[in-house]
> 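I have a structure I would like to understand better, so I am pasting it below and will then ask my questions one at a time.
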Amino acid sequence: MRLTGLQKILWAAAGLALLGYGALLLVAEPTPAPLAEAPFRPNFTLPDADGRLRSSADFAGKHTLVFFGFTNCPDVCPTTLAEVAQVMDDLGDQAGQVQPLFISVDPERDRRLGLSEFTTAFHPSILGLAGDAAQTRAAADSFRIHFSREDDAAAPDGYSMSHSPALYLIGPEGDWLRQFTYGTPAPEILADLQSRL
Amino acid sequence: MKPTILSAFFALTAFPALACESFTVGDLTIDHAWSRATIGADRPGVFYVEITNAGASDDALIGIATPAAGMPMLHETTVTDGVASMPHAMSVPVPAGQTVQLAPGGYHGMLMGLTIALKEGDSFPATLTFQSAGDVTINVEVLSLRAEGPDCAHAGQ
């Protein structure tokens with residue numbers, strides 16, 4: 001096969017480009033990968049069961065364990081709160097340095113059913129917060145989590161809530177430290193907390 | 001059902017380690033049926049169980065009935081893109097030669113319209129309906145609010 005002059009030039013250019021790109025890969029500083037979990041400070045202002053406004057700043061100096069859920073949830077929420085309760089018991093003397101929070105994503109119904117009755121049944125240290133729709137959405141947004149109402153004829157009152165089921169750990173300065181995915185065993189959460197306290 | 005009658009069978013059937021009892025229907029063995037104590041009767045209860053199909057053909061759990069709840073339904077917790085939801089499950093497949101668990105974070109029975117608050121140590125009957133094997137009535141033990149499952153000597157759970 002005979003190459004025309006133009007084709008030779010094009011092939012040469014392509015070759016040079018390839019060499020140049022290879023050299024660039026070798027010498028270029030690796031660009032820092034964007035951190036999947038960059039530090040950030042979630043903030044919220046929500047009323048507790050007594051109607052007293054509580055905000056993230058109130059918990060400065062403590063580690064907070066935050067769970068978003070709803071009290072009508074029969075499976076995921078009790079399982080997670082039971083683990084939180086176990087962790088709080090097992091922390092012993094250090095329990096005072098950790099504040100577990102339950103933030104309702106179904107605040108109106110949860111207030112009607114009894115918010116503190118629900119949280120204290122798991123552990124007296126768990127503080128339940130339930131705001132209005134705007135406060136709840138703002139709190140969830142600040143944690144960058146999702147929740148939504150799902151119409152479901154096969155659920156109480158014809159709806160259920162979908163929500164991020166993880167447990168979030170916030171440091172004493174208010175920094176988001178990490179999340180424990182749903183189903184993380186209590187001893188694992190405990191060990192992580194103990195390493196920080 | 002009247003509350004008095006209900007209390008009567010709750011009391012009668014209350015004895016320890018009930019959740020370790022096995023029930024069989026056809027090729028199916030039903031183990032570790034348990035529920036979690038509830039806070040009052042206004043919120044739904046939950047039902048967990050383990051089903052082993054020793055047979056050569058697939059079966060499926062298609063229904064649950066119990067005097068403890070007016071509207072028991074099968075649900076499945078699913079986590080998609082970090083968001084948990086709990087759709088209604090028409091049936092729970094029980095393939096031949098396999099063991100299927102209704103367990104925290106997966107398939108579960110949701111007991112809506114509880115007739116009575118479920119207390120730790122109580123038990124209640126539940127009738128499971130399978131597509132092929134038919135009906136079987138089992139006892140369900142109510143464990144503590146914090147339970148992760150029954151503690152049975154032979155347990156896989």
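All chains are named by letter (A, B, ...) in the order of the sequence lines, taking the proteins before the strands, and each is independently numbered beginning at 1.
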> Shorter than 4.5 Å, heavy atoms on both sides: which option in A/Asp152, A/Leu113, A/Thr80 has the most such pairs with chain B?
A/Leu113
> Is A/Ser160 close to chain B through its backbone or its side chain, or both, or neither, when contacts mean heavy atoms under 4.5 Å?
side chain
> Quick check on A/Ala155 against chain B: is it the side chain, the backbone, both or neither that has a heavy atom closer than 4.5 Å?
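For A/Ala155, heavy atoms of backbone and side chain both lie under 4.5 Å from chain B.
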> Quick check on the interface: out of B/Leu111, B/Thr78, B/Asp42, B/Thr77, who has the most heavy-atom pairs with chain A under 4.5 Å?
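Top count of heavy-atom pairs under 4.5 Å with chain A: B/Thr77.
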> Is atom CG of A/Asp93 surrounded by more than 12 heavy atoms (other residues, nucleotides or ligands) closer than 6.0 Å?
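At most 12 heavy atoms, drawn from other residues, nucleotides or ligands, come within 6.0 Å of this atom.
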> Under a single-linkage definition using a 4.5 Å side-chain heavy-atom cutoff for Ile, Leu, Val, Met, Phe, Trp and Tyr, are B/Leu102 and B/Val79 assigned to the same hydrophobic cluster?
no
> Parallel, tilted or perpendicular: which one describes the rings of A/Phe70 and A/His163, with boundaries at 30° and 60°?
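Aromatic pair A/Phe70/A/His163 classed perpendicular.
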> Mind ranking A/Pro74, A/Ser162, A/Ala82 by heavy-atom pairs under 4.5 Å with chain B and telling me who comes out on top?
A/Pro74
> For chain B, which of A/His123, A/Arg109, A/Glu117 has the most heavy-atom pairs under 4.5 Å?
A/Glu117
> Report which part of A/Asp89 has an atom under 4.5 Å of a heavy atom belonging to chain B: side chain, backbone, both, or neither.
side chain
> Tell me whether the rings of A/Trp176 and A/Tyr168 are parallel (<30°), tilted (30 to 60°) or perpendicular (>60°).
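Correct class here is tilted.
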> Counting only heavy atoms not in A/Glu108, do more than 12 sit closer than 6.0 Å to its CD atom?
no
> Measuring heavy-atom distances to chain B, does A/Asn72 have an atom under 4.5 Å in its side chain, in its backbone, in both, or in neither?
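A/Asn72 touches chain B through backbone and side-chain heavy atoms alike.
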> Would B/Asp122 and B/Lys119 pass as an ion pair if we require N to O under 4.0 Å?
no
> Among A/Ser148, A/Pro156, A/Cys73, who wins on heavy-atom pairs under 4.5 Å with chain B?
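Winner by heavy-atom pair count: A/Pro156.
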> Considering only heavy atoms, which portion of A/Glu83 lies under 4.5 Å from any heavy atom of chain B: side chain, backbone, both, or neither?
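The side chain, not the backbone.
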> So which residue, B/Pro87, B/Gly45, B/Ala147, B/Pro44, ends up with the most heavy-atom pairs under 4.5 Å with chain A?
B/Pro44
> Assess A/Arg137 against A/Phe147: is NZ or CZ under 6.0 Å from the centre of the six-membered ring, and within 45 degrees of the ring's axis?
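Pair A/Arg137/A/Phe147 counts as cation-pi.
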> Less than 4.5 Å to any heavy atom of chain B: does that hold for the side chain of A/Ala85, its backbone, both, or neither?
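A/Ala85 touches chain B through backbone and side-chain heavy atoms alike.
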> Are A/Ile189 and A/Leu167 packed together at the side-chain level, in the sense that at least one heavy-atom pair is separated by less than 4.5 angstrom?
yes
> Under the rule for ring pair (Phe, Tyr, Trp, His ring centres under 6.0 Å), what residues qualify as partners of A/Phe118, not counting sequence neighbours?
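Per chain and number, A/Phe118 pairs via ring pair (Phe, Tyr, Trp, His ring centres under 6.0 Å) with A/Phe102, A/Phe122.
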> Which one wins on heavy-atom pair count under 4.5 Å against chain A: B/His88, B/His108, B/Met71, B/Met86?
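Among B/His88, B/His108, B/Met71, B/Met86, the one with the most close pairs to chain A is B/His108.
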